[in-house]
Amino acid sequence: MFATPQKEHEWLQKFVGEWTFEMPGCGEGQEKSTGTETGHMIGGLWAQLNGSGEMPDGSPMTTRMTVGFDPQKGRYIGTWIGSMMTHLWVYDGEMNEAGTTLTLSAEGPDFETPGKMRQYRDVMEFKSDDHRVLTSHMLGDNGEWTQFMEANYYRVK
């Protein structure tokens, strides 16, 4: 069972390289977060993104993301883990028609109510080959999406 990369897999090449990121502070008195990320391809089918940096409170963080494309489902899929939590995020997503924005949906723990799960989505928009923006959103009890995080990524090489 050897897969041949398709155009959707080739799109994932956009993540390959060395990146820096910055996130504005989320609350009063919190500084912006900064860090680095390295992206590479696995077998031409998976993008793996390895990040490290500082949380808004100054504590260190490490993250790992995988993103691929499942031709049978016709959907982008992936995972995300971070050193700041125990939940494995499992992504299911789609690309916009322009091929600039990948939206990945996942279920995860409600940050405010222990034991409750909530729907989330991460939106990765490529503004150019060397600049992308990640926004994270959660679905509220009122049925509306609320953005709670934004990070700008800039290609170093």
Side-chain angles (χ1 to χ4, degrees), residues 8-9 11-12 14-17 19-40 42 46-70 72-155:
E8 293 86 357
H9 298 106
W11 184 89
L12 297 170
K14 290 175 168 284
F15 291 107
V16 172
W19 300 80
T20 60
F21 69 83
E22 56 185 43
M23 256 184 309
C26 300
E28 187 175 319
Q30 290 190 339
E31 298 294 321
K32 71 177 179 178
S33 297
T34 60
T36 60
E37 182 180 82
T38 301
H40 65 273
I42 299 174
W46 295 93
Q48 182 178 23
L49 311 174
N50 301 319
S52 62
E54 287 188 356
M55 297 286 291
D57 67 0
S59 61
M61 71 171 175
T62 301
T63 62
R64 298 289 182 264
M65 176 186 270
T66 59
V67 183
F69 181 78
D70 184 332
Q72 290 183 334
K73 292 180 180 179
R75 307 278 295 168
Y76 285 86
I77 56 174
T79 60
W80 187 92
I81 58 171
S83 59
M84 70 294 291
M85 63 183 69
T86 59
H87 185 74
L88 169 67
W89 297 81
V90 178
Y91 286 129
D92 174 76
E94 60 191 11
M95 179 71 57
N96 71 343
E97 285 188 32
T100 58
T101 304
L102 177 61
T103 300
L104 298 170
S105 299
E107 182 178 65
D110 187 316
F111 298 137
E112 297 175 357
T113 308
K116 181 179 178 182
M117 299 298 278
R118 187 170 292 282
Q119 294 299 309
Y120 293 88
R121 66 181 178 200
D122 286 342
V123 179
M124 293 177 269
E125 179 182 4
F126 277 84
K127 300 287 190 179
S128 72
D129 287 343
D130 298 324
H131 176 213
R132 72 182 203 264
V133 178
L134 166 65
T135 55
S136 294
H137 311 256
M138 66 179 180
L139 184 61
D141 293 334
N142 62 1
E144 293 184 23
W145 289 98
T146 302
Q147 180 179 320
F148 64 89
M149 192 277 299
E150 180 175 322
N152 281 276
Y153 289 76
Y154 299 96
R155 186 184 304 277

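Treat the numbers as computed from the prediction; the structure is a model and nothing was measured.
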[X]: which residues meet the ring pair (Phe, Tyr, Trp, His ring centres under 6.0 Å) condition with it, sequence neighbours left out?
{"X": "Tyr153", "result": "Phe21"}
{"X": "His131", "result": "Tyr154"}
{"X": "Phe111", "result": "Tyr120, Phe148"}
{"X": "Trp11", "result": "Phe15, Phe126"}

Of all residues at least two apart in sequence or in a different chain, which pass the side-chain contact (heavy atoms from CB on, under 4.5 Å) check with Glu150?
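By the side-chain contact (heavy atoms from CB on, under 4.5 Å) rule, Glu150 matches Val133, Thr135, Gln147, Asn152.
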Under the side-chain contact (heavy atoms from CB on, under 4.5 Å) test, which residues partner Thr146, sequence neighbours left out?
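Counting only residues at least two positions away or on another chain, Thr146 forms no side-chain contact (heavy atoms from CB on, under 4.5 Å).
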Results of salt bridge (Lys or Arg N to Asp or Glu O under 4.0 Å) for [X] - residues two or more places apart only:
{"X": "Glu107", "value": "none"}
{"X": "Glu125", "value": "Lys127"}
{"X": "Glu37", "value": "Arg132"}

Please report the C-alpha distance between Met23 and Met149 in whole Å, then the side-chain angles of each, then the deciding distance to 0.1 Å, and finally whether the side-chain contact (heavy atoms from CB on, under 4.5 Å) criterion is met.
CA-CA 8 Å; Met23 256 184 309; Met149 192 277 299; 3.2 Å; yes
What is the minimum heavy-atom distance between [X] and [Y], and which atoms define it?
{"X": "Pro60", "Y": "Ser83", "result": "O-OG, 4.1 Å"}
{"X": "His87", "Y": "Pro109", "result": "CG-CD, 3.5 Å"}
{"X": "Leu12", "Y": "Tyr76", "result": "CD2-CE2, 4.1 Å"}

Any heavy-atom pair between the side chains of [Y] and [X] that's under 4.5 Å?
{"X": "His137", "Y": "Val123", "value": "yes"}
{"X": "Ser52", "Y": "Thr63", "value": "no"}
{"X": "Met138", "Y": "Gln119", "value": "no"}

Asp122 and Tyr91: CA distance, side-chain angles, deciding distance, side-chain contact (heavy atoms from CB on, under 4.5 Å) verdict
CA-CA 9 Å; Asp122 286 342; Tyr91 286 129; 2.5 Å; yes
Value rounded to 0.5 Å, distance of CD in Glu8 from CG in Asp70
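Between atom CD of Glu8 and atom CG of Asp70 there are 10.5 Å.
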Sidechain-backbone polar pair: His40 side chain, Ala47 backbone, donor-acceptor under 3.5 Å
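Looks like no, no N/O pair under 3.5 Å.
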Does any N or O in the side chain of Ser33 come within less than 3.5 Å of the main-chain N or O of Glu54, such that one atom is a donor and the other an acceptor?
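Flag set: sc Ser33 to bb Glu54 pair under 3.5 Å.
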Hey, could you give me each pair passing salt bridge (charged side-chain N to carboxylate O under 4.0 Å, His left out) that has a residue in residues 134-146? Not counting sequence neighbours.
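Output for this query lists Lys116-Asp141, Arg118-Asp141.
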Is there any salt bridge (charged side-chain N to carboxylate O under 4.0 Å, His left out) pair reaching into residues 78-95, and which pairs are they, with sequence neighbours excluded?
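Output for this query lists Arg75-Asp92, Arg75-Glu94.
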Can you see whether Thr79 engages Thr66 through a side-chain donor-acceptor pair at a distance of less than 3.5 angstrom?
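The answer is yes; a qualifying pair exists.
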Can you list, pair by pair, the side-chain donor-acceptor contacts under 3.5 Å of residues 97-106, counting residues two or more places apart and other chains?
residue, atom, partner, partner atom, Å
Thr100, OG1, Asn96, ND2, 3.1

Take Lys14 and Val16 through the side-chain contact (heavy atoms from CB on, under 4.5 Å) test and state the conclusion after the steps.
CA-CA 6 Å; Lys14 290 175 168 284; Val16 172; over 6 Å; no
Is any NZ, NE, NH1 or NH2 atom of the basic residue among Asp129 and Arg155 found under 4.0 Å from an Asp or Glu carboxylate oxygen of the other?
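Salt bridge between Asp129 and Arg155, a charged N being under 4.0 Å from a carboxylate O: no.
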Should the pair Arg64 and Trp80 be classed as cation-pi, given the thresholds of under 6.0 Å to the six-membered ring centre and 45° from the axis?
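No, cation not above the ring by the 6.0 Å, 45° rule.
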